[in-house]
S.K.: 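Have a look at this one before I ask anything.
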Protein chains: 2
Amino acid sequence: MSGAVMMELPLDQVLRGDCVEMMRTLPDASIDCVFADPPYNLQLRGELRRPDDSIVDGVDDDWDKFADLKAYDAFTRAWLGEARRVLRKDGTIWVIGSYHNIFRIGAILQDLGFWILNDVIWRKSNPMPNFRGRRFTNAHETLIWAARGPDSRYRFNYQAMKALNDDVQMRSDWYLPLCTGGERLRNEHGLKLHPTQKPESLLHRVLVASTNVDDVVLDPFAGTGTTTAMARRLRRRFIGIERHPDYAEAAIGRARREKPVPLDSVLTTPARRESPRVPFGLLVERGMVPAGTVLMDRQKRVRATVSPDGTLVSGRNRGSIHKMGATLTNAPSCNGWTFWYFERGDTMVQLDELRGEIRAEQSAVAS
Amino acid sequence: MSGAVMMELPLDQVLRGDCVEMMRTLPDASIDCVFADPPYNLQLRGELRRPDDSIVDGVDDDWDKFADLKAYDAFTRAWLGEARRVLRKDGTIWVIGSYHNIFRIGAILQDLGFWILNDVIWRKSNPMPNFRGRRFTNAHETLIWAARGPDSRYRFNYQAMKALNDDVQMRSDWYLPLCTGGERLRNEHGLKLHPTQKPESLLHRVLVASTNVDDVVLDPFAGTGTTTAMARRLRRRFIGIERHPDYAEAAIGRARREKPVPLDSVLTTPARRESPRVPFGLLVERGMVPAGTVLMDRQKRVRATVSPDGTLVSGRNRGSIHKMGATLTNAPSCNGWTFWYFERGDTMVQLDELRGEIRAEQSAVAS
DNA sequence: TTGACGGCTGAATCTCGAG
DNA sequence: TCTCGAGATTCAGCCGTCA
């Protein structure tokens, strides 16, 4: 990323205004990742009551109303076109929607030249039931993940996703709860500030999967700022755009309150292609970290013992160095190489130092 | 369904030929349910294929890709248009696809006037892993379920779906295995006969959810005949269309080998509306709830007295059990059968229990 | 303190047959 | 085709109250 481009970007801000107009002020190819939660065009007809006769608080806001499908398509083409322009060659875009709008968005994405990488299903653990018994419970939303074009060398943190998923490949269906309880932003009357606030866990997975530290993330429909807050927490740079002044203000305050996590905890497992993968088991086999070695984090708050197969054991827990680091610290993910240390004399040795030695060896042999 | 129309339909057959041409021979509004698994080999293996399976000249410019999407859209509009014509007013359509084609199909469905009821996610219990580690494991396919139009009184066997799912509403995400093992049709060399044979469990759920016994099910891309075989097993009528002679032959033999299950075993949990109607007055006439009985809600917050004509009276208000339940609770509507109770000794008896007794009697007499 | 219980709520295209 | 009225219809999770 060139310094000149970075200087021009309104980084770590939530801009107030129309997303198409505001995107027009951004330079070409300046964004690493777009996350967009556009209006769904729900087209609700009349009120809906629960069996107990209480009224369902549906999304009837003006911003979700469009004259017809043609108008929605035109709107979609406009903002997706700008999003593609500002996206870097190897950047990716995420768009979330429901069956009301996601097919139109997917088709237009393809028409504009985007290359779909996955459709991802957010399976809601606690969806609203179908109160009249006339359809299946609408228990999911769909995210489309797409590269700028078919030849994009896009970022996908495969190992981080695998580590997040108990060391098996992350699937295209994600089971996550709705944004409720303390996470939900509320006004002074205790009412929800925004009708469709997305859960932080969803954005956590999106950003960890497809961006790197210091990448620039753009959210053209920032709303109350889940994307921008999570970007800040995960040490990504962000640009939010939001038209509604109340939402924009909430998003700005929310980002300001967010504390970035320590840098070493967001460095995810490196992708294999960037450097030769070293299995931790190799260090055990070679006696660099013999089975029975007690590992600990730098602050010596948690400990685990090395098994002969390269897994770590602590109490009844067993798993990879990454999984155990995450488990013992209640973190969603962990880079075991940088997390774990052992004592050698009166100094602490990080696992990653040993990995570096092996890589140096291997590259010497290879060259 | 009129007898005349039924006579013209090629029922319980698999027709060999192009699906659009063959559908043109079917009369308007003659089909209760369409299930379609259209081709979606759009851009596999780096080569572009047209819907008719011919390979597109390997030019890699944007214009050619656009032309290919256009061709796929035209093909999709053609067969979906015919499907809509042959569909009865209250019929529904299912289309299954992956991210390669499902967005185009969904958008065209909407453009043609279909009304999407749900998108359903088939979560594969045993998907193929992503070997290159460059994407999420593509672990699902998407089905769109749509009515012919927004005001359709379509069939949805809600109670049957609920019963299938341990008595909680069936969600829009279904976890089912791939078609493997003995279910998979193979040729004389033991190779799979069809690359994308769908599992019987998927069609079982689709047909039980959205069709009734003797309904006519059309599959315009019958392939090796999972839809037609399951329709026969579940005592639905079927029309399959398949262009490839080997597939059509396999589908015909498969349907012939299929044994319809006994009639009483395909009768699923009936919708409550489909049970014989019991007027409340009958309970009064028969002395089960004599005139003068005082009814109350379960919390005993409101009361009303039964009149000899089956109406309830409370102060100056008089009306049906439903209307009075609504009036006395200021609700817009009320199901009087489940709302009202009366005291028998020290227990509370719900009116709906008595209705159940009468229905049990009536069905015993009928059989 | 804790558990039982009731209230509230979430991106929702949410009735149907008789006359 | 329209009107009328019977009557069908909810799951998971959080929070506050009260015993």
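First the proteins, then the strands, lettered A, B, ... as listed; each starts at 1.
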S.K.: Rounded to the Å, how far apart are B/Glu274 CD and D/dG7 P?
M.R.: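 So the CD-P distance, B/Glu274 to D/dG7, works out to 15 Å.
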S.K.: Using 30° and 60° as the class boundaries, would you call the ring planes of B/Trp94 and B/Trp174 parallel, tilted or perpendicular?
M.R.: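 Geometry flag for B/Trp174 against B/Trp94: tilted rings.
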S.K.: Is the base of C/dT15 touched by the side chain of B/Arg273 through a donor-acceptor pair closer than 3.5 angstrom?
M.R.: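 Between C/dT15 and B/Arg273, which were checked side chain against base, a qualifying N/O pair under 3.5 Å is present.
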S.K.: Is B/Val302 close to B/Trp340 at the side-chain level, that is, under 4.5 Å between some pair of heavy atoms?
M.R.: yes
S.K.: Scan A/Pro38 against the nucleic acid and name what it touches under 4.0 Å (heavy atoms): base, sugar-phosphate only, or nothing.
M.R.: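 Answer is base: heavy atoms of A/Pro38 come under 4.0 Å of a base.
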S.K.: When the P atoms of D/dG7 and C/dG19 are compared, how many Å lie between them, rounded to an integer?
M.R.: 13 Å
S.K.: By nearest nucleotide on DNA chain C, pick out whichever of A/Leu191 and B/Gln110 is the more 5' one.
M.R.: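 Of the two residues, A/Leu191 wins.
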S.K.: For nucleotides C/dC8 and D/dT10, find the distance between their C1' atoms and express it as a whole number of Å.
M.R.: 13 Å
S.K.: On the nucleotide C/dC14, are OP1 or OP2 found under 4.0 Å from the side-chain N or O atoms that A/Arg45 carries?
M.R.: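 Checking C/dC14 against A/Arg45, a side-chain N or O does come within under 4.0 Å of OP1 or OP2.
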S.K.: Does the C/dA11 base have a donor-acceptor partner in the side chain of A/Lys124 within less than 3.5 Å?
M.R.: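 Side chain to base: no pair present.
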S.K.: What's the closest nucleotide to the side chain of A/Pro129 if the choices are D/dC11, C/dA11, D/dG7?
M.R.: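 Out of D/dC11, C/dA11, D/dG7, the nucleotide with an atom closest to A/Pro129's side chain is D/dC11.
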S.K.: Given that B/Ile321 and B/Arg153 both sit by DNA chain D, which one's nearest nucleotide is further toward the 5' end?
M.R.: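 Nearest-nucleotide comparison on DNA chain D picks B/Arg153.
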S.K.: Under 4.0 angstrom, heavy atoms only, what part of the nucleic acid is A/Arg49 near: base, sugar-phosphate, or nothing?
M.R.: nothing
S.K.: Determine whether the aromatic ring centres of residues B/Trp115 and B/Tyr154 are separated by less than 6.0 angstrom.
M.R.: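 When the ring centroids of B/Tyr154 and B/Trp115 are compared, they turn out to be at least 6.0 Å apart.
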S.K.: Does A/Tyr72 offer a backbone N or O that forms a donor-acceptor pair with the side chain of A/Asn41 under 3.5 Å?
M.R.: no
S.K.: Quick one: which of D/dA8, C/dA12, D/dT10 gets closest to the side chain of A/Pro51?
M.R.: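 Of all the options, the side chain of A/Pro51 is nearest to D/dT10.
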S.K.: Could you tell me whether A/Thr137 contacts a base, only the sugar-phosphate backbone, or nothing, with contacts defined as non-hydrogen atoms closer than 4.0 Å?
M.R.: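 Nothing, no heavy atom under 4.0 Å.
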S.K.: Pick the closest DNA chain D nucleotide for A/Gly182 and for A/Gly133 by heavy atoms, then say which residue is nearer the 5' end.
M.R.: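 The 5'-side residue here is A/Gly133.
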S.K.: Just the rounded figure in Å: distance from P of C/dC14 to CG of A/Asp60.
M.R.: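 From A/Asp60 CG to C/dC14 P: 14 Å.
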S.K.: Quick check: does any side chain N or O of B/Lys323 sit under 3.5 Å from a backbone N or O of B/Ile321, one acting as donor and the other as acceptor?
M.R.: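 Between the backbone of B/Ile321 and the side chain of B/Lys323 there is no qualifying donor-acceptor contact (under 3.5 Å).
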S.K.: Given C/dA11, C/dA12, D/dG7, which nucleotide is nearest the side-chain atoms of A/Arg132?
M.R.: D/dG7
S.K.: Taking the P atom of each, how far is C/dC14 from D/dA12, in whole Å?
M.R.: 23 Å
S.K.: How far apart are the closest heavy atoms of A/Val59 and A/Leu44, and which atoms are they?
M.R.: O-CD1, 3.7 Å
S.K.: Would you say B/Lys162's side chain and B/Met170's backbone share a donor-acceptor pair under 3.5 angstrom?
M.R.: no
S.K.: To the nearest Å, give me how far apart CD1 (A/Ile55) and P (C/dA12) are.
M.R.: 15 Å
S.K.: Counting any heavy atom closer than 4.0 Å, what does A/Thr196 reach on the DNA or RNA strands: base, sugar-phosphate only, or nothing?
M.R.: base
S.K.: Does a side-chain N or O from B/His322 land closer than 4.0 Å to OP1 or OP2 of D/dA6, or not?
M.R.: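 B/His322 to D/dA6 OP1/OP2: no side-chain N or O under 4.0 Å.
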S.K.: Using a cut-off of strictly less than 4.0 Å, decide whether A/Thr180 has a side-chain nitrogen or oxygen near OP1 or OP2 of C/dG10.
M.R.: no
S.K.: Take atom CZ of B/Arg277 and atom P of D/dG5, then tell me their distance rounded to the nearest Å.
M.R.: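 Atom-to-atom, B/Arg277 to D/dG5, this comes out as 13 Å.
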S.K.: Would you indicate what A/Asn138 reaches in the nucleic acid, counting non-hydrogen atoms under 4.0 angstrom: base, sugar-phosphate, or nothing?
M.R.: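 Counting heavy atoms under 4.0 Å across all strands, the contact made by A/Asn138 is with sugar-phosphate only.
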S.K.: Using the rule side-chain hydrogen bond (donor to acceptor under 3.5 Å, both in side chains), only one of A/Asp119, A/Asn118, A/Thr142, A/Asp173 pairs with B/His140; which is it?
M.R.: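 Testing B/His140 for a side-chain hydrogen bond (donor to acceptor under 3.5 Å, both in side chains) against A/Asp119, A/Asn118, A/Thr142, A/Asp173 leaves exactly one candidate, A/Asp119.
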S.K.: Can you identify which nucleotide, out of D/dA6, D/dC14, C/dC14, has its nearest atom closest to the A/Phe131 side chain?
M.R.: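 Looking only at heavy atoms from C-beta outward on A/Phe131, the closest nucleotide is C/dC14.
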S.K.: Is there a donor N/O on one and an acceptor N/O on the other, under 3.5 Å, for the side chain of A/Arg50 and the base of C/dG10?
M.R.: yes
S.K.: Do other residues, nucleotides or ligands put more than 12 heavy atoms under 6.0 Å from A/Arg134 CZ?
M.R.: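 Above 12, so yes.
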S.K.: Under 4.0 Å between any heavy atoms, over every strand shown, what does A/Cys179 touch: base, sugar-phosphate, or nothing? Just pick one.
M.R.: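 Answer is nothing: A/Cys179 stays at 4.0 Å or more from every strand.
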S.K.: Return the value, rounded to whole Å, for the distance between atom CG of B/Asp90 and atom P of C/dT15.
M.R.: 14 Å
S.K.: Have a look at B/Ser320 and say if it touches a base, only the backbone sugar-phosphate, or nothing, with a 4.0 Å heavy-atom cut-off.
M.R.: sugar-phosphate
S.K.: Taking side chain as C-beta onward, heavy atoms only, is A/Asp53 less than 4.5 Å from B/Pro332?
M.R.: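 A side-chain contact under 4.5 Å exists here.
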S.K.: Given Watson-Crick or G-U pairs with both distances under 3.5 Å, what dot-bracket string fits DNA chain D, with | for other-strand pairs and [ ] for crossing?
M.R.: .|||||....|||||||||
S.K.: Base, sugar-phosphate, or nothing: which does A/Trp122 touch, judged by heavy atoms less than 4.0 Å apart?
M.R.: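 The answer is nothing, as A/Trp122 stays clear of every strand by at least 4.0 Å.
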S.K.: Within the structure, does a side-chain N or O atom of B/Asn335 lie under 4.0 Å from either OP1 or OP2 of D/dA8?
M.R.: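 Yes, B/Asn335 has a side-chain N/O under 4.0 Å of OP1/OP2 on D/dA8.
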S.K.: Under 4.0 angstrom, heavy atoms only, what part of the nucleic acid is A/Pro127 near: base, sugar-phosphate, or nothing?
M.R.: base
S.K.: When you get a sec, tell me which of C/dG17, C/dA12, D/dG7 is the closest nucleotide to the side chain of A/Met128?
M.R.: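 For A/Met128, the side-chain atoms sit closest to C/dA12.
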S.K.: What is the distance, to the nearest angstrom, from the CG atom on A/Leu48 to the P atom on C/dT15?
M.R.: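 Taking CG of A/Leu48 and P of C/dT15, I get 8 Å after rounding.
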S.K.: Are more than 12 heavy atoms, taken from residues, nucleotides or ligands other than A/Arg49, located less than 6.0 Å from that residue's CZ atom?
M.R.: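 Yes, the 6.0 Å shell around CZ holds more than 12 heavy atoms from other groups.
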S.K.: How about A/Lys124 and A/Asn138: do any of their side-chain heavy atoms sit closer than 4.5 Å?
M.R.: no
S.K.: Find the distance A/Arg135:CZ to C/dA12:P and express it as a whole number of Å.
M.R.: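 After rounding, the reported distance stands at 12 Å.
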S.K.: At under 4.0 Å between heavy atoms, what does A/Lys192 touch on the DNA or RNA strands: base, sugar-phosphate, or nothing?
M.R.: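 Result for A/Lys192 = sugar-phosphate.
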S.K.: Flag the pair A/Leu218 / A/Met23 as yes when at least one side-chain heavy-atom distance between them is below 4.5 Å, and no otherwise.
M.R.: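 A side-chain contact under 4.5 Å exists here.
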S.K.: Regarding A/Asp37, tell me which of base, sugar-phosphate or nothing describes its non-hydrogen contacts under 4.0 Å with the strands shown.
M.R.: base
S.K.: Need one value for B/Ile116: base, sugar-phosphate or nothing, where a base atom within 4.0 Å counts as base even if backbone is also close, heavy atoms only.
M.R.: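 Answer is base: heavy atoms of B/Ile116 come under 4.0 Å of a base.
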S.K.: When the distance from CD of A/Glu47 to P of D/dT9 is rounded to whole Å, what number comes out?
M.R.: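 Taking atom P of D/dT9 as the reference, CD of A/Glu47 is at 20 Å.
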S.K.: Counting only heavy atoms and a strict 4.0 angstrom limit, can you tell me which residues of residues 156-175 of chain B come near DNA chain D?
M.R.: B/Tyr158, B/Gln159, B/Lys162, B/Val168, B/Gln169
S.K.: Any idea which of D/dC14, D/dA8, D/dT10 is nearest the B/Arg355 side chain?
M.R.: D/dA8
